[in-house]
Amino acid sequence: MKRTVPEKPVLEGLEAKWGERWEADGTYRFDRTKTRDEIYSVDTPPPTVSGHLHIGHCSSYTHTDLIVRYQRMRGREVFYPMGWDDNGLNIERRTQINYGVICDPSLPYDPAFRAPEKPPKDPIAVSRPNFVELCSQLTLELEEEYRTLWTALGLSCDWTYLYRTIAPDVTQISQLAFLRLVERGQAFRVEAPTLWDVDFQTSLAQADLEDREMPGAYHRIRFGDIEIDTTRPELIPACVALVAHPEDERFKPRFGTTVRSPLFGVEVPIVAHELADPEKGTGIAMICTFGDQTDVIWWRDLDLPVRSIMGRDGRLLPVEWDHAEAQRCYDELAGRSAKQAQKRIVELLRESGDLVGEPREITHAVKFWENGKRPLEIVTTRQWFIKFPPKDVLFERARALNFHPEFMQVRMENWIEGLAGDWNITRQRFFGVPFPVWYRMGPDGEVLWDEPIAAALDALPVDPSTDTPAGFTEAQRNQPGGFVGDPDVMDTWATSSMSPEYVSGWQRDPDLFERVFPMDLRPQAHDIIRTWLFYTVVRAEFEFGTLPFKEVAISGFVQDPDRKKMSKSAGNAEDDPFEVIAKNGADSLRYWAAGARPGRDLFVDRNQFKIGRRLAMKILNASRFALSFGEPDADATVTEAIDQALLASLRTTVAEATTAFESYDYSRARDVTEAFFWGFCDNYLELVKGRAYGNDAHSAAATASARRTLEVALSVQLRLFAPSMAYVTEEVWSWWQEGSIHRSSWPTTDEIDASGAGDDVATLDAASEVLAVVRRTKTEAKVGMRTPVARLEVRDTAERVAAIRMAEADLREAGVVTDLEIAEGDPNITVTLA
RNA sequence: GGGCGUAUAGCUCAGUUGGUUAGAGCGCAGCCUUCACACGGCUGAGGUCACAGGUUCGAGUCCUGUUACGCCCACCA
């Protein structure tokens, strides 16, 4: 191919130019005629569509793209779809604000409803289907921006496989998988103590929780002659027993007896359980229904009754007591929040003399929903649960996954160890995948929650709030003898845990499924090992008894330059990804991202953007230079020792970069490539430029050798850089090669051997060192590098002398040396300037 | 309470199974308008490898302990 090298290459505009070309040429289009062993499939994490993408997103998605581009060049046909995760609370919040609406599920669907231009002061109540429509509309707008950024960043996904978690086909798969679990008894609906957020009034799963250090206080309370410590005295009316360790001598005689609770006079048994810690508090604790998860365990194990006082809104429920004194006390608490009730009951206890001493302030960890404002409560509700496979099976699966980096695996094992109970997949929200289920209504209008009517599999997806179950008419909705729709939606993870099945075409495109599943790679961040990764493994176990993917590449977080954890919405305007790309080019952003070692956190570093930009410029200029000497003749071979040495060094670099990429260490691959490249520019190019020009001092064969070497070295280096510097390498490739560099083959050591590489690098190293001394002398003399050297004397060992002599002509020209003498002797270099 | 990770130059980090005098980039200082690149290039200064022991001919690297920071998990009365 004829070389067309621009006079003044620039970075500006490369993103637009190549973005369009790649899309038009289908460069990253998946070829689905390939078979499973030829394919590399990626279970891309669909970013949550909730606002703006910040530079942290760019980092982790670039990491995946680096691996993907390497695999593609290695000859694998890459299946790399992109998706948007639209489910969830974030988008509900934004919809409420953006359109000034609020969801009222009791309202009927209004097909004619349009959101007003400007959000009104008082939110308009709309039906769930209307609300979902608005959410969907908003996500479409946001997704446009997401796609624009991903394209500019140069993610090499195949956009024809784009999916949205709210779309009907994903909903269908989610509902189908759910009904299959129900059929096999792996999902079920049961009334049980459930983690509950009192502000959002939804139930939650264990994985949604986080600990927060909160101020609290120990209150010592008298139960007859026994004293207990509690941080939640307001739950005394919910107390059902006191518990101590079975071996605790202090309480052994009391097991089986009862005491009366203060204020309420309820007779509660004293029971034994090994979870009771003799070291904590007074050694004996009260069991309430329910104060925390330990209460649930005790209640279950010891078969205790329920005495429920906590309402779903976080306020104490009205309760009838069997005697007036208890009623009088409780009436002071009913209707109050937990916090207010605590304050009041402490006063009551003090008055009654049941409070021993004063409350002692402490700081302790309290369970919160990760998006919540108030501590969780545990209330008894009816929810859909998924039962987990046995832990030993889960451990086995976790250990069979290849984690990159490896140490992230223990996080999954830790999580499995700590699993308590089943997976609650029910959320009392609106924008999500509805349960494809209705319930019969009895003749008196009571809902028969234990008699679900499942949707027909071929009818999916369904929305039970608008669709009618088979055998009923819509007129029977909410009527005695009729039906009601399931009011809830699924946990967002219940849907996204089916991502490998969904993108692979499970139950939808058997041919595709055969080719890409189980998938090769799951890239994701470490914060969702306990959710997305874990749940995905669970779902594949249930459906197939296999892992959904082989490799898991964990990326770290991005933190602000001042080392604060980057918030989802914030971030300095200067670090806005669009700004960074506009200012420094997408390659500079990719370069920065490629510098993060797998699994480790990365800081936003504007300096790195500049360095990435400089590298991109250097690639343009050095390439232009290397291609400017003219093409080598067809029969030109690498004959000069220094050229052979360069290729020998390059061979090592190729081997290292390949090994690094094979173990998913894109940052090491980038580093060794970059290090080689700067040495190539600083030393090799300087040493051989005269010969490559074809100056008189050199033979035609020597010139041909240099030109051939430059061509080989450039081609190899561009391909090594291609995963990270996707745009600039493509630009240079187009000057002299056919097709996309991203569809070219990854360089191999065999390829370099075939081009005439030598066995050692001695000549290049020795010549570079001599040249460095010449430069230093000129610098110290404060003269330009073109200043001639009158005499250069090199004394070294026989071996080194031989090596340097091989590069004598190049050295003479690069150093502008008039008189060069190389001889054996004590190592020493003398430079005499003219 | 259990576990994982990190600690090397002012800053960000390399340092592969222990092997001469510890590396890079940024920043800093100085120099060079050099005919690929001033959106450059060259050169230089700069380190008690967190601390304390131990193994070894030899330790940034291996072992033990300590400290600090970050994170994960936990039944947190």
Side-chain angles (χ1 to χ4, degrees), chain A residues 5 7-12 211 213-214 216 218-219 228-232 235 242-244 273-277 280-288 291-298 362-367 405-420 526-527 529-530 556-557 559 561 563 565 584-585 595-597 599-603 605 607-608 610-611 613-629 656 659-660 667-668 671-672 674-675 678 681-682 685-686 689 693 772 774-787 816:
Chain A
V5 183
E7 196 49 45
K8 184 97 181 159
V10 291
L11 294 173
E12 283 67 31
D211 284 348
E213 285 294 322
M214 298 292 289
Y218 276 126
H219 303 74
I228 60 123
D229 269 336
T230 180
T231 54
R232 299 203 60 186
L235 292 180
L242 299 189
V243 64
H273 193 281
E274 55 190 15
L275 278 186
D277 184 350
K280 275 182 191 150
T282 59
I284 187 162
M286 72 171 179
I287 303 175
C288 303
D292 62 21
Q293 284 166 298
T294 320
D295 280 344
V296 178
I297 295 169
W298 281 328
I362 53 155
T363 303
H364 63 155
V366 179
K367 293 276 186 222
E406 228 171 299
F407 64 76
M408 285 293 177
Q409 183 168 312
V410 301
R411 296 207 180 184
M412 184 151 171
E413 294 187 33
N414 280 348
W415 180 250
I416 294 168
E417 275 161 30
L419 278 179
H526 52 68
D527 57 330
I529 289 175
R530 54 144 85 170
F557 283 151
Q559 297 181 291
R563 301 213 161 206
K565 187 172 162 183
N584 303 295
R597 312 215 69 186
R600 295 199 29 191
D601 288 352
L602 180 64
F603 300 104
D605 187 349
N607 225 346
Q608 288 297 312
K610 271 193 254 163
I611 296 163
R613 184 180 210 283
R614 206 179 59 163
L615 174 62
M617 280 303 302
K618 191 79 174 177
I619 291 172
L620 284 180
N621 284 312
S623 299
R624 185 177 100 78
F625 187 48
L627 294 172
S628 68
F629 302 116
E656 286 176 355
T659 304
S667 70
R668 182 166 178 80
D671 286 350
V672 297
E674 191 186 5
W678 285 107
C681 292
D682 293 347
L685 275 182
E686 290 302 324
K689 67 165 82 165
Y693 272 127
V774 172
R775 283 189 195 126
R776 190 183 311 137
T777 308
K778 291 180 179 177
T779 297
E780 279 163 5
K782 301 188 180 186
V783 297
M785 289 298 145
R786 299 284 295 166
T787 306
V816 200

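Listed pair A:Arg668 / B:A24 fails the phosphate criterion, with no side-chain N or O lying under 4.0 Å from OP1 or OP2. Proximity of A:Arg776 to the phosphate of B:U43: no side-chain N or O atom is located under 4.0 Å from OP1 or OP2. Taking only side-chain nitrogens and oxygens, A:Lys610 never comes nearer than 4.0 Å to OP1 or OP2 of B:G27. Taking side-chain N and O atoms only, A:Arg597 has a distance below 4.0 Å to OP1 or OP2 of B:A14. Side-chain N/O atoms of A:Lys782 include none lying less than 4.0 angstrom from OP1 or OP2 on B:C42. For A:Arg614, no side-chain nitrogen or oxygen approaches OP1 or OP2 of B:G25 to under 4.0 Å.
With distances taken from any side-chain atom of A:Lys618 to the nucleotides B:G41, B:U12, B:C72, the minimum falls on B:G41. Listed nucleotides: B:C73, B:U6, B:C42. Nearest to the side chain of A:Arg530: B:C73. Closest to the side chain of A:Trp415, from the set B:C42, B:C73, B:G25, is B:C73. When each of B:C42, B:U6, B:C37 is scored by its nearest atom to the side-chain atoms of A:Asn621, the top-ranked nucleotide is B:C37.
Rounded to whole Å, the distance from CG on A:Asp671 to P on B:G15 is 9 Å. Look at CZ on A:Phe407: it is 5 Å from C1' on B:G5, rounded to the nearest Å. In this structure, the CG atom of A:Asp601 is 12 Å from the C1' atom of B:C69, given to the nearest Å. Distance, A:Leu11 CG to B:A38 C1': 15 Å, rounded to whole Å. One interatomic measurement links the two molecules: CD1 of A:Ile611 to P of B:C37, which rounds to 22 Å at whole-angstrom precision. As a whole-Å value, the separation of A:Ile529 CD1 from B:C4 P is 15 Å. Rounded to an integer number of Å, the gap from A:Glu686 CD to B:C32 P is 18 Å. Between the CD atom of A:Glu406 and the P atom of B:G5 there is a distance of 10 Å, given to the nearest Å.
Under the side-chain hydrogen bond (donor to acceptor under 3.5 Å, both in side chains) criterion, A:Arg600 pairs with no residue, sequence neighbours left out. Under the rule for a salt bridge (Lys or Arg N to Asp or Glu O under 4.0 Å), A:Lys618 has no partner lying at least two apart in sequence or in another chain. Residues passing the salt bridge (Lys or Arg N to Asp or Glu O under 4.0 Å) test with A:Arg776, sequence neighbours excluded: none. Residues meeting the salt bridge (Lys or Arg N to Asp or Glu O under 4.0 Å) test with A:Glu413, sequence neighbours left out: A:Arg399.
Within a 6.0 Å radius of CD in A:Glu406, no more than 12 heavy atoms belonging to other residues, nucleotides or ligands are found. The neighbour count for A:Glu12 CD, taken as heavy atoms of other residues, nucleotides or ligands under 6.0 Å away, is above 12.
One P atom belongs to B:C72, the other to B:G30, and the distance between them is 47 Å to the nearest Å. Taking atom P on both nucleotides, B:G70 is separated from B:A52 by 24 Å, rounded to a whole Å. Taking the C1' atoms as reference points, B:U6 lies 33 Å from B:A29, given to the whole Å. Taking atom P in both B:U21 and B:U64, the straight-line distance is 28 Å, to the nearest Å. One C1' atom belongs to B:C62, the other to B:U56, and the distance between them is 10 Å to the nearest Å. Taking atom P on both B:G2 and B:A45, the two are 49 Å apart, rounded to the nearest angstrom. To the nearest whole angstrom, the two P atoms, one in B:A50 and one in B:A9, are 8 Å apart. Here the separation of B:C73 from B:G15, taken at their C1' atoms, is 32 Å to the nearest Å.
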Give the dot-bracket string for RNA chain B, reading 5' to 3', where a pair is Watson-Crick or G-U wobble with both distances under 3.5 Å, ( ) marks pairs inside the strand, [ ] marks pairs crossing earlier ones, | marks a partner on another strand, and . marks unpaired.
(((((((..((((.....[...)))).(((((.......))))).....(((((..]....))))))))))))....

Distances under 3.5 Å only, N/O to N/O: pair up the protein atoms with those of nucleotides 75-77 of chain B.
residue, atom, partner, partner atom, Å
B:C75, O4', A:Thr294, OG1, 3.4
B:C75, O2', A:Thr294, OG1, 3.4
B:C76, OP2, A:Lys280, NZ, 3.0
B:C76, O5', A:Lys280, NZ, 3.1
B:C76, O2, A:Ala365, O, 3.0
B:C76, N4, A:Lys367, NZ, 2.7
B:A77, OP1, A:His364, ND1, 3.2
B:A77, OP2, A:Tyr218, OH, 3.2
B:A77, O3', A:Asp229, O, 2.8
B:A77, O3', A:Thr230, N, 3.2
B:A77, O3', A:Thr231, N, 3.1
B:A77, O2', A:Asp229, O, 2.5
B:A77, N6, A:Asp277, N, 2.6
B:A77, N6, A:Asp277, O, 2.4
B:A77, N1, A:Asp277, N, 3.1

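Along RNA chain B, the nucleotide nearest to A:Arg411 and the one nearest to A:Met785 differ in position, and the one closer to the 5' end is contacted by A:Met785.
Base engagement by A:Cys681 is indicated by at least one non-hydrogen atom pair under 4.0 Å involving a base atom. As judged by a 4.0 angstrom heavy-atom cut-off over every strand, A:Tyr693 is placed among residues touching the sugar-phosphate backbone only.
Here A:Thr231 contributes atom OG1 and A:Met214 contributes atom CE; the two are 12.0 Å apart, rounded to the nearest 0.5 Å. Note that OH of A:Tyr693 and OG of A:Ser628 are 5.5 Å apart. Values are rounded to the nearest 0.5 Å.
Side-chain contact check for A:Leu235 versus A:Thr230: every heavy-atom pair is 4.5 Å or farther apart.
Of all heavy-atom pairs spanning A:Gln559 and A:Phe603, the tightest one is OE1-CE2, 3.2 Å.
Taking the six-membered ring for Trp and thresholds of 30 and 60 degrees, A:Phe557 and A:His526 have ring planes inclined between 30 and 60 degrees apart.
Of the possible donor and acceptor atoms, none in the side chain of A:Lys367 sits under 3.5 Å from a partner among the backbone N and O of A:Asp292.
Put simply, the side chain of A:Glu7 and the base of B:A36 share no donor and acceptor less than 3.5 Å apart.
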